[in-house]
Protein chains: 2
Amino acid sequence: MLEKVKENLSGADPRFMTSLARGLEVLRTFENRTTLTVSQAAKMAGLPRSAVARCLFTLEQLGYVAATGTTYSLRPAMLPLARAFAVGNPLARDGQRVVDAVRDRLGESCSLAMFDSRSGHSQVVYVCRAETARIISVPLFSGSTLPSYSTSNGRVLLSGLNDVALNAFLAMAPFPAYTSKTLTSAHALRAELVRIQTQGWALTDGEFEAGLRSIAVPVCDASGSVAAAINLATQSNQRQLDWLTNTALPELQAAAAHLSRSSFR
Amino acid sequence: MLEKVKENLSGADPRFMTSLARGLEVLRTFENRTTLTVSQAAKMAGLPRSAVARCLFTLEQLGYVAATGTTYSLRPAMLPLARAFAVGNPLARDGQRVVDAVRDRLGESCSLAMFDSRSGHSQVVYVCRAETARIISVPLFSGSTLPSYSTSNGRVLLSGLNDVALNAFLAMAPFPAYTSKTLTSAHALRAELVRIQTQGWALTDGEFEAGLRSIAVPVCDASGSVAAAINLATQSNQRQLDWLTNTALPELQAAAAHLSRSSFR
DNA sequence: CCTAAAAGTCCGATTATCGGTCAAATAAGC
DNA sequence: GCTTATTTGACCGATAATCGGACTTTTAGG
């Protein structure tokens, strides 16, 4: 997994720092578990214990994790970095205002998402989110990640990939089905992504979770490529499909256009 | 600065991974500047250009930063890590509810802060925050950092340090004065910290910013040591000092006690 | 067009990193 | 309470990953 990233790059670029990659990989294990021992982290990261112990020792010295006995946990050190992104990235900076506005106008939860570029293109990370009532079983926050192939935001982002990247991603198919409606084959997904690309928006209906209906549109950067996606999530029994395409879609498109403009700065 | 951290640790522990430390140090430069070139980052981090170029190359491969031409900027990769802390740390998880409640009851901005353990004990990071109207010139978010010696939250945290850590910190004195009232000498600070420790709360009045008055109390963990601080920030011309100690203080203490309990889990 | 600064490339030296091993400690199972 | 199974912590020689300076190319500025 880690080696793949390195090797894919025209075969082991000498500029690639394995130690740095490993250390960050170890940090990442805390996304799945709040407290970890050395061997647990080693198992999860798929690295030798000694290497993981070195990483955790270093991360502790630097103040990124804290040790209580032999168990490690995260320190707040990530928060300033997350804030740096939140205020430095034009889309993230203006995004909260925009999703709040959409939520207020339409009365449904609205989210701005981007690729979590750490995991190829398989995951999207929620950057900004405005909630109404909780409609999804898994709680979402800024920083939550969701699979890209089965969510409207994710599909919009996938539809903006170039052929090489898209093929690389689809090579991972088939994908697990969350519901009976989930598209899981590379063929079906590719067809859907093509349609999304031409029509300019994506709609998923109960593919990630039964009863969850969602529509998303792309947010483009100055070069015209898809930099983010903004979506509206509703309950199937509350909003009809044509409400999404007739009422929600124009609002989302306006919001996306507005965000697009701000990303030029 | 980086070497100090390493050497202070009983002279270059072989477990310390310099490459990992450097990579994280390079990441940190983005806290000061949203976009950076290699040489800018090298200058800020105080590292050779070639080393920084390797770090940025690696961080880009891993998806933590993105390159646009020769300038780099952060990707949303930090958000999942920040969220992992926010939901995994007991104080952070319950903190938002608590500061919101205090803000609602007292009508003033309330914040929960912890040491930013990356920079010795010189900075505190705001973990949770509930705002009223903007009363401070510099906007604060979750993830914002402020100097510990001149803020009420910071002083509470400092008052919980052991002698060794405190002496190490005070050795950096004198500290810059933000206003004419700022305590800047090690002597004065030490005296104030002792008083804070015995009385159980800290009050700063216009030391960080003129017209800003703030009171803070400690939040302790299971072992009884200070794990966080919670404070209320007011404008000098709106709230008298005795309102802070008579009305605000009990509320803060109740909130802190409540948080303390949740940290046991 | 010329100058200065930054970026990109390369490479030999060195040392930081590696990962397996072993003893000690801890936890689990009986 | 004893045995067994993991886990931790420390060690160390081998090796490859990292280092940083030097050079060339490119970009930016006057």
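Residue numbers begin at 1 in each chain, while the letters A, B, ... track the order of the sequences. Quick note: numbers below take in every heavy atom, side chains included, and nothing from hydrogens, waters or symmetry partners.
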| query | For B/Ala168, which residues count as a side chain to side chain contact (heavy atoms under 4.5 Å, CB included) partner, sequence neighbours excluded? | reply | none

| Can you find a side chain N or O atom of B/Thr37 that sits less than 4.0 Å from OP1 or OP2 on C/dA7? | yes

| query | Once you build an axis from the first five pairs and another from the last five of the helix from C/dC1-D/dG30 to C/dG29-D/dC2, how far apart in angle are they, to 10 degrees? | reply | 70°

| Protein-nucleotide distance (B/Arg49, atom CZ; D/dC23, atom C1'), rounded to Å | 14 Å

| Are A/Arg22 and D/dT18 close enough that a side-chain N or O sits under 4.0 Å from OP1 or OP2? | no

| request: Check A/Val38, A/Val52, A/Leu36 against A/Val26 for a side-chain contact (heavy atoms from CB on, under 4.5 Å) and give me the one that passes. | output: A/Val52

| said: Test: salt bridge (charged side-chain N to carboxylate O under 4.0 Å, His left out). Region: residues 154-171 of chain A. Which pairs qualify, not counting sequence neighbours? | reply: A/Arg155-A/Glu207

| said: Does this structure show an ion pair linking A/Glu25 with A/Arg118, if we count only N-O contacts that are shorter than 4.0 Å? | reply: no

| Who are the salt bridge (charged side-chain N to carboxylate O under 4.0 Å, His left out) partners of A/Arg97, not counting sequence neighbours? | A/Asp94

| query | When the distance from CZ of A/Phe57 to C1' of D/dA10 is rounded to whole Å, what number comes out? | reply | 13 Å

| query | Want to settle it: does A/Gln40 or A/Ser19 sit nearer the 5' end of DNA chain D, counting the closest nucleotide to each? | reply | A/Gln40

| message | Among D/dA17, C/dG19, C/dA6, which nucleotide has an atom closest to any side-chain atom of B/Ser39? | response | C/dA6

| query | How many Å lie between OH on B/Tyr72 and C1' on C/dG8, as a whole number? | reply | 10 Å

| task | Check the distance between D/dA16's C1' and A/Phe16's CZ and give it to me in whole angstrom. | result | 15 Å

| Of all residues at least two apart in sequence or in a different chain, which pass the side chain to side chain contact (heavy atoms under 4.5 Å, CB included) check with B/Pro174? | none

| request: Could you check how far CE of B/Met17 sits from C1' of C/dT17, rounded to whole Å? | output: 7 Å

| query | Can you tell me how far P of C/dT15 sits from CZ of B/Arg15, to the nearest Å? | reply | 21 Å

| When the distance from CG of B/Leu20 to P of C/dT17 is rounded to whole Å, what number comes out? | 9 Å

| remark: Whichever of B/Lys43 and B/Ala53 has the more 5' nearest nucleotide on DNA chain C, that residue is B/Lys43

| message | Rounded to whole Å, please give me the gap between CG in A/Leu47 and P in C/dT17. | response | 15 Å

| query | Can you list the residues that meet the ring-ring contact (aromatic ring centres under 6.0 Å, His included) rule with A/Phe169, with sequence neighbours excluded? | reply | A/Phe175

| task | Give one of base, sugar-phosphate or nothing for B/Ser50, where a contact means two heavy atoms less than 4.0 Å apart. | result | base

| query | What nucleic acid atoms does B/Arg54 come within less than 4.0 Å of, heavy atoms only: base, sugar-phosphate, or nothing? | reply | base

| said: Checking contacts here: which listed nucleotide (D/dG20, D/dT7, C/dG19) is nearest the side-chain heavy atoms of B/Pro48? | reply: D/dG20

